[in-house]
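Report on one structure; see the data block that follows.
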Amino acid sequence: MADKQASDRFAAEMAARFDDFTKWAIENWPNKDLPLLQSDFSESRKEIALMLGGRLSEGQTAGPGAPPAEDSGQYVNMNPAPWP
């Protein structure tokens with residue numbers, strides 16, 4: 001299990017590498033008639049934020065074999081509590 005400092009370092013480096021990648025991709029895009037824009041990478045940024053946010057910190061709070069949190073998107077409770 002990674003500690004918080006290692007996770008934070010990884011998240012910062014991954015974000016920096018993704019920024020470098022997008023800058024490189026925009027500068028070197030071969031089709032100059034239809035250039036790439038920063039907005040072309042917005043969905044990828046959202047996915048990376050999800051990965052670096054909830055998923056990276058999951059290992060710090062939950063032990064192995066623990067059920068996913070209810071709000072994680074992996075688990076949806078289909079059995080509501082009965083009326084009192």
Side-chain angles (χ1 to χ4, degrees):
M1 180 181 343
D3 63 344
K4 180 153 176 45
Q5 286 181 332
S7 296
D8 290 346
R9 281 193 307 270
F10 177 83
E13 184 171 345
M14 185 168 176
R17 287 181 182 216
F18 183 74
D19 289 339
D20 291 343
F21 166 73
T22 56
K23 182 180 175 189
W24 173 87
I26 290 170
E27 290 173 356
N28 294 293
W29 183 250
N31 188 353
K32 300 301 179 189
D33 295 333
L34 187 61
L36 284 178
L37 305 172
Q38 284 291 336
S39 60
D40 293 327
F41 297 95
S42 63
E43 290 300 316
S44 299
R45 287 185 196 284
K46 289 177 190 176
E47 291 293 323
I48 289 174
L50 288 172
M51 216 180 343
L52 295 179
R55 192 164 172 199
L56 186 61
S57 62
E58 257 181 34
Q60 296 169 10
T61 56
E70 228 177 285
D71 61 348
S72 71
Q74 296 280 333
Y75 172 78
V76 177
N77 186 359
M78 300 302 290
N79 299 315
W83 286 92

State the [atom1]-[atom2] distance between [X] and [Y], to the nearest 0.5 angstrom.
X   : Y   : atom1 : atom2 : value
M51 : F10 : CE    : CZ    : 7.5 Å
D8  : D3  : CG    : CG    : 9.0 Å
N28 : K23 : CG    : NZ    : 11.0 Å

Same apolar cluster: L52 and F21, side chain cutoff 4.5 Å: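 Yes, L52 connects to F21 through the hydrophobic network.
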Pairs satisfying salt bridge (charged side-chain N to carboxylate O under 4.0 Å, His left out), at least one member in residues 35-45, at least two apart: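 Qualifying pairs: D19-R45, E43-K46.
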Nearest non-hydrogen partners of I26 and F41, listed with the distance: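 Looking at all heavy atoms of both residues, the shortest contact is CG1-CE1, 4.0 Å.
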For the student: nearest non-hydrogen atoms of P35 and W29, plus distance: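 Looks like CA-CD1, 3.8 Å.
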Test side-chain contact (heavy atoms from CB on, under 4.5 Å) applied to D20 - qualifying residues, sequence neighbours left out: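 With neighbours one apart ignored, the set is empty.
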